[in-house]
Amino acid sequence: MKKLILIATILGYTSIAAITQNDHAGHEQKSTTSNKENTTKATVVDANTQQQFSRLLSSYLNIKNALVAGDATSAASNANQFLRTANTVDYKVISEGNVHILSNDAGKISATKDLKKQREIFASLSSNMASVAKAFKLSDKPLYLQYCPMKKASWLSLEKQIKNPYYGTTMLTCGEVQETL
């Protein structure tokens, strides 16, 4: 794993998907099924780690909701909360390199009040969170991977109803549920 992080750092990977597959190797596995009948593995974690994941997901969803509402100040504030939460995640579960990638995305969102820039960066954060959600069970509730064909980007939601964070009120319902995690 250390070699993967080093290679990812050297090559400038900004996506957890590139290195997350080995991140949870050796942990106990269980299967979950998506609505597209794809089978993904989710690592079983202890209660403390599950609580960290729940807080991380909650912070992510708060960023998404702020972007849906078009509130750049709230998105920045929630991204800052996401950073604080990410720093509590155990590196034995998600590697330091992967936590750094998530933190980097959230840090960029928290550093700007430009809604357009925040939405662009959110695409990367969402892609990386989707990789984490596929590797680990982040919630006891169904988690929906949704996709905007106009933006060509995905996001996570606890609701099936589409509320597009990339276009907010201008195209609020643009998108589709791609997968249930």
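Sequential numbering from 1 along the given sequence is applied to the chain's residues. Computed from a predicted structure; not experimentally measured.
Partners of Phe82 by ring pair (Phe, Tyr, Trp, His ring centres under 6.0 Å), not counting sequence neighbours: none found. Scanning for side chain to side chain donor-acceptor pair (under 3.5 Å) contacts around Asn78 gives Ser74, with sequence neighbours left out. With sequence neighbours excluded, no residue forms a side chain to side chain donor-acceptor pair (under 3.5 Å) with Ser58. Partners of Gln52 according to the side chain to side chain donor-acceptor pair (under 3.5 Å) rule, which considers only residues two or more places apart in sequence or in another chain, do not exist here. Applying the side chain to side chain donor-acceptor pair (under 3.5 Å) test to Ser103 and every residue at least two apart in sequence or in another chain returns nothing. Scored by the side-chain contact (heavy atoms from CB on, under 4.5 Å) test, Met171 finds Met150, Tyr167, Cys174 as partners (sequence neighbours excluded). With sequence neighbours excluded, no residue forms a side-chain contact (heavy atoms from CB on, under 4.5 Å) with Thr173.
Between Lys64 and Phe122, the closest heavy-atom pair is CB-CZ, 3.6 Å. Among all heavy-atom pairs drawn from Leu145 and Ala130, the shortest one is CD1-CB, 3.8 Å. Counting all heavy atoms, side chain and backbone alike, Leu181 lies closest to Glu179 at CD2-OE2, 3.4 Å. Of all heavy-atom pairs between Ala75 and Leu67, the closest is CB-CD2, 3.8 Å. Among all heavy-atom pairs drawn from Phe136 and Val93, the shortest one is CZ-O, 3.3 Å.
At a cut-off of 3.5 Å, with distance as the only test, a side-chain donor of Ser124 or Asp105 sits close to an acceptor on the other residue. For the residue pair Thr85 and Gln81, a side-chain donor N or O sits within less than 3.5 Å of a side-chain acceptor on the partner.
Rounding to the nearest 0.5 Å places CG of Asn104 at 10.5 Å from CD1 of Ile109. Here the straight-line distance linking atom CD of Gln161 with atom OH of Tyr144 works out to 12.0 Å at 0.5 Å rounding. One finds the CG atom of Leu56 at 13.0 Å from the CZ atom of Arg84 (value rounded to the nearest 0.5 Å). The CD1 atom of Ile162 sits 10.5 Å away from the NZ atom of Lys160 when rounded to the nearest 0.5 Å.
Side-chain atoms of Ser54 come within 3.5 Å of backbone atoms of Gln50 as a donor-acceptor pair (strictly under, hydrogens ignored). Side-chain atoms of Asn87 come within 3.5 Å of backbone atoms of Leu83 as a donor-acceptor pair (strictly under, hydrogens ignored).
A 4.5 Å side-chain heavy-atom check between Asn48 and Gln51 finds at least one atom pair inside the cut-off. With a 4.5 Å cut-off on side-chain heavy atoms, Thr180 and Leu143 do not count as touching. A heavy-atom distance below 4.5 Å is found between the side chains of Leu61 and Leu57. Between Leu115 and Arg119, some side-chain heavy-atom pair lies under the 4.5 Å cut-off. Using a 4.5 Å heavy-atom cutoff, the side chains of Tyr60 and Leu138 are not in contact.
Here Leu172 is tied into one hydrophobic group with Val68, each link being a pair of ILVMFWY side chains closer than 4.5 Å. Taking Ile, Leu, Val, Met, Phe, Trp and Tyr as members and joining any whose side-chain heavy atoms lie under 4.5 Å apart, directly or through other members, Tyr147 forms no hydrophobic cluster with any other residue.
Judged as a ring-ring contact (aromatic ring centres under 6.0 Å, His included), not a single pair has a partner in residues 95-118 (not counting sequence neighbours).
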Exercise answer: donor-acceptor pairs, residues 151-159 side-chain atoms, under 3.5 Å, sequence neighbours excluded:
residue : atom : partner : partner atom : Å
Trp155  : NE1  : Gln146  : OE1          : 2.8
Ser157  : OG   : Glu159  : N            : 3.0
Ser157  : OG   : Glu159  : O            : 3.1

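By the 6.0 Å contact criterion, CG on Asp140 is open, its count of non-hydrogen atoms from other residues, nucleotides or ligands being 12 or less. Under a cut-off of 6.0 angstrom, the local environment of NZ in Lys117 is sparse, with at most 12 non-hydrogen atoms contributed by other residues, nucleotides or ligands.
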